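Only a predicted model underlies this, so the values are computations on that prediction, with no experimental measurement involved. Ligands are counted one by one from 1 in listed order, and the atoms in each one are counted from 1 as well.
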Amino acid sequence: MTNHRIALIPGDGIGTEVVPAARRVLDAVGAEHGVSFTYRSFDWSCARHLREGAMMPEDGLDRLREHDAILLGAVGYPGVPDHVSLWGLLIPIRRGFRQYVNVRPIRVFEGVESPLRSAEPGSVDFVVVRENVEGEYSEIGGRLNRGFPEEMAVQEAVFTRAGVNRVLDYAFTLAARRAGRLTSATKSNGIVHTMPFWDELVAERAAHHPGVSWDQEHIDALAAKFVLDPRRFDVVVGSNLFGDILSDLAAAVAGSIGIAPAANLNPEGDFPSMFEPVHGSAPDIAGLGIANPLGAIWSAAMMLDHLGHPEAATRVTDAMAAVLAATSVRTPDLGGTASTEEFTTELLARL
Ligand code: ATP
Ligand code: MG
């Protein structure tokens with residue numbers, strides 16, 4: 001029996017409703033695959049920020065460090081600005097634990113309606129790989145002459161050879177395990193220093209992954225193709241900003257933001273990786289018990305894969321596909337009437 005220590009950060013709103021659902025699934029699938037979990041739950045959240053003035057304690061990273069992985073629900077609270085939860089919790093964890101890859105798989109499941117006519121069920125199945133710690137989201141820059149007519153703002157983007165290479169290698173390796181196609185998001189016609197550098201590194205790394213065919217698209221055209229023909233993609237890799245935008249767009253294409261998962265990976269395993277649904281705390285439905293748990297459950301499946309249990313992970317995604325294709329049990333965001341608990345129970349029955 002393999003045991004993994006899992007840090008749970010349910011967070012705020014529906015985060016506290018979907019994490020227990022994911023935990024039920026982990027325990028059930030683990031029992032069948034000889035894997036057990038020891039959980040420790042942390043109440044770090046915007047609610048904590050309002051109570052105690054900080055999202056997490058000062059030694060928060062040290063406490064997380066003892067775990068094999070982190071499962072996060074969602075953080076966000078009406079009246080607490082997004083930058084508080086971002087810079088008070090998510091970014092310190094991503095950077096502190098060198099989670100330099102953000103992976104977001106996209107599938108249009110049978111039984112789920114995509115807003116796109118071009119996306120028949122089963123036909124869309126790709127992964128967005130986002131650079132997660134450098135790029136456009138740097139703190140370098142400043143504001144000058146505030147309030148004067150000469151007022152200006154400058155923000156620098158930071159791309160390092162090592163930082164770009166490692167996320168590209170992850171993306172090429174992932175593509176080799178999948179359909180063998182990689183698309184790089186660029187904008188080297190308009191952004192004349194960082195993006196040509198990115199393009200050069202893509203071409204260089206491609207030479208180390210001869211089994212993968214690759215191309216590049218400008219971000220504007222690529223966004224249009226996500227909508228017009230999402231079936232063409234296998235692995236799409238982008239910088240921090242481009243990957244952020246593309247992965248939210250892709251989650252919308254897949255039919256409900258309630259399904260989309262994300263993994264913040266430290267591929268070397270030197271530090272715990274963090275798994276979280278793409279959706280936020282959804283204050284509008286929090287407390288009603290009707291949140292779609294699939295984003296959290298799929299995130300837990302990615303965690304199983306990362307911890308070395310790919311068959312268990314596939315069991316979970318197969319059960320998700322089965323419950324959506326073969327039953328009408330689903331939460332209201334997918335047009336059903338089931339509660340989070342009923343939907344989870346139905347999924348467990350298909351496991
Ligand atoms: P936050 O500030 O935490 O990011 P938000 O309201 O900006 O919250 P989401 O929480 O992602 O963003 O919610 C966007 C919309 O999608 C809301 O109407 C919410 O109810 C819905 N939604 C998000 N996640 C789910 C889910 N798991 N199940 C059902 N509906 C969801
Ligand atoms: Mg939000």
Side-chain angles (χ1 to χ4, degrees), residues 8-25 43-50 55-56 71-91 93-94 102 104-109 111-115 128 137 244-264 274-302 316-317 320 323-324 328-347:
L8 300 176
I9 309 179
D12 300 292
I14 63 167
T16 63
E17 302 169 33
V18 296
V19 165
R23 186 175 161 167
R24 281 176 70 195
V25 173
D43 72 343
W44 306 345
S45 55
C46 289
R48 186 185 188 279
H49 170 82
L50 289 172
M55 297 286 298
M56 64 174 174
L71 185 64
L72 175 88
V75 285
Y77 205 82
V80 177
D82 276 353
H83 73 257
V84 169
S85 49
L86 259 180
W87 291 93
L89 186 87
L90 297 173
I91 291 180
I93 295 175
R94 286 176 185 165
N102 188 291
R104 294 194 181 181
I106 317 297
R107 277 171 68 177
V108 176
F109 288 96
V112 174
E113 210 171 307
S114 163
V128 176
Y137 297 163
D244 192 9
I245 297 170
L246 288 175
S247 53
D248 264 35
L249 175 60
V253 164
S256 168
I257 192 173
I259 297 180
N264 299 276
M274 178 165 66
F275 302 82
E276 52 168 335
V278 167
H279 64 74
S281 61
D284 53 335
I285 58 162
L288 300 181
I290 55 165
N292 187 339
L294 292 184
I297 290 169
W298 195 352
S299 300
M302 295 180 79
V316 175
T317 45
M320 288 175 54
V323 77
L324 291 168
S328 56
V329 181
R330 59 205 65 214
T331 43
D333 58 304
L334 296 176
T337 55
S339 67
T340 307
E341 204 172 322
E342 289 161 351
F343 194 29
T344 307
T345 302
E346 189 65 31
L347 186 140

Handout entry: Nearest candidate to atom 16 (O) of ligand 1, where distance is taken over non-hydrogen atoms, out of Ile259, Thr331, Ile257, Asn292
Key = Ile257

Can you name the atoms of ligand 1, numbered from 1 with element, that are less than 4.0 Å from a heavy atom of [X]?
X      : value
His279 : 11 (O), 23 (C), 24 (N), 27 (N)
Gly258 : 26 (C), 27 (N)
Gly76  : 3 (O)
Val75  : 3 (O)
Ala291 : 28 (N)
Ile14  : 24 (N), 25 (C), 26 (C), 27 (N)

Handout entry: Polar contact flag for Gly280 and ligand 1 (N/O pairs, less than 3.5 Å)
Key = yes

Under 4.5 Å between any side-chain heavy atoms of [X] and [Y], yes or no?
X      : Y      : result
Leu294 : Leu324 : yes
His49  : Val75  : no
Ile93  : Ile9   : yes
Thr317 : Trp298 : yes
Ile259 : Leu334 : yes

Problem - Residue-ligand contact Ile285/ligand 1, heavy atom below 4.0 Å - result: yes

Exercise for the section: Using non-hydrogen atoms of the residue, decide whether Pro283 is closer than 4.0 angstrom to ligand 1. Expected result: yes

Problem - Which residues share a ring pair (Phe, Tyr, Trp, His ring centres under 6.0 Å) with Phe343, sequence neighbours left out - result: none

Exercise for the section: Just jot down the salt bridge (charged side-chain N to carboxylate O under 4.0 Å, His left out) partners of Arg94, sequence neighbours excluded, or say none. Expected result: Glu276

